[in-house]
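Ligands are counted one by one from 1 in listed order, and the atoms in each one are counted from 1 as well. What you see below is based on every heavy atom in this structure, not just the backbone, and it leaves out hydrogens, waters and symmetry mates. Treat the numbers as computed from the prediction; the structure is a model and nothing was measured.
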Amino acid sequence: MTFVHAADLHLGASFCGLITSSDVIGSQLVEAVSESYRRIIDICTTRSVDFLILAGDSFNRDEIPYRVQRIFFDGLLRLKDAGIEVYLAMGNHDPMTSWGRRLMLLPDNVHVFDSRNATYYLYRKEGAPLVGLAGRSYETSRESGDLTDGLTRTELVQQVGETPFTIGVLHTGMADVNYAPCTKETLEAADFDYWALGHLHKREIFPEIPAVMPGSPQGLDINENSEHGCYVVTLEEQRRPQVRFVKTDVIAWERPSVHVTGTEAPNELLDLLVTCGEDLLKKHGTSVCVRFRLMGRSSLYNLLKDEQDVRDLCDRVAERCSVGGLWLRVDDIESMVAPKLDYAVLEREGLFPGVVLEQARNMAGDTETVESLIMERFSKHGIARCCEDIDCATTVEVARDLCLDRLMGEEGA
Ligand SMILES: [Mn+2]
């Protein structure tokens, strides 16, 4: 038997954490959340799965525009037409108390886990019991108690009888005490064939339980920069669950670090960022919202301190990046770039930086001293030896520049 496991749709969410926004892209971002949900419904129907599990936070907040509610219910109705059941748990963003009359509107293929007690369902296929499901919803937006009470295979079997497969459904922050905390040991001890969890927006598989946190189907802000989608899960007797991740995000987020040492002209930097941007578009196959973080040492230090120049650079990178109709939005360019050092001047000045330079020059050829210094540090961390030969000259260079950075701080510019 096969089902789709998704969570944290956050329908109605708008994107936050963007430094800049354009109207066109802004509305595409809002639409992306709904579109990722439609894609989940498409996956269910095209693969003719047995059912869909939604493990909480289907809606982003209490007040949801009518058109967004329509999108949700339309999807459920499409599943009903296709003969696909839905098992629905509520999370902290859409606790039971926030649903009100909306509960009445759910079509009869949707089975809701209650918030007061563990709820048990029996899924039959062609008349025969196939899967038992146990789950529980959030009553309010903050559930600091453990909601796993009653969510065990034993109790499920008592309620629905023996079934070839058993599944637990819960929205939980696991170690986070505000969101129905529970331990991996509790989940494992429940003895289900599969735990369909929700809450964490970054997907994660816990094979030892076994449990899956599918993550949000569309990343919701610049920090949700991993892949987003849902899981198609196949259960077979005498086998561990087979889980297949399917991407559903419309827009990807990225925060890449780009090393600019050696890049000294504005046009070179533009080319470098365009190449990086196009690589991201190819990697994702979706439009991308990106925030670059520049590292290294370059005479472009000053340009990167100028807000207007940076804005201009963002726009030019975005303009030039296009791969097959996809767009790249450059939200910002964060500069961690250090100014280029003029060693000759520092040496002539003969102050502390001059002393560092002299020390570094003396040490560059002295492999023995460099190695013993490194090993001294390593041994403090209990590391007995280095598995690779130490490149003495490069090590000294990096150490020298770090030293100079600290010595001169921002004033060094
Ligand atoms: Mn949540």
Checklist line | Glu143 side chain to Thr140 side chain, donor-acceptor N/O pair below 3.5 angstrom | finding: yes
Note to self: Taking N, O or S atoms only and a limit of 2.8 Å, check whether Tyr179 reaches the Mn ion (ligand 1).
What the structure shows: no
Item checked: Lys247 NZ: over 12 foreign heavy atoms closer than 6.0 Å -> yes
Notebook entry, point to check: Which residues satisfy the ring pair (Phe, Tyr, Trp, His ring centres under 6.0 Å) test with Phe245, sequence neighbours excluded?
Noted result: Tyr231
Next item on the list: Test the Arg102-Phe72 pair against the cation-pi criterion, namely NZ or CZ under 6.0 angstrom from the six-membered ring centroid and within 45° of the ring axis.
Entry: no
Check: Do the rings of Tyr87 and Tyr121 sit parallel, tilted or perpendicular, given the 30° and 60° boundaries?
Finding: tilted
Notebook entry, point to check: Looking at the Mn ion (ligand 1), is one of the N, O or S atoms of Asp8 less than 2.8 Å from it?
Noted result: no
Next item on the list: State, to the nearest 10 degrees, the angle whose vertex is the Mn ion (ligand 1) and whose arms point to NE2 of His171 and OD1 of Asn92.
Entry: 80°
Next item on the list: Tell me which N, O or S atom of His199 sits nearest to the Mn ion (ligand 1).
Entry: ND1
Check: Is the distance from the Mn ion (ligand 1) to some N, O or S atom of His93 under 2.8 Å?
Finding: no
Note to self: Which atom name does Asp57 have for its N/O/S atom nearest to the Mn ion (ligand 1)?
What the structure shows: OD2
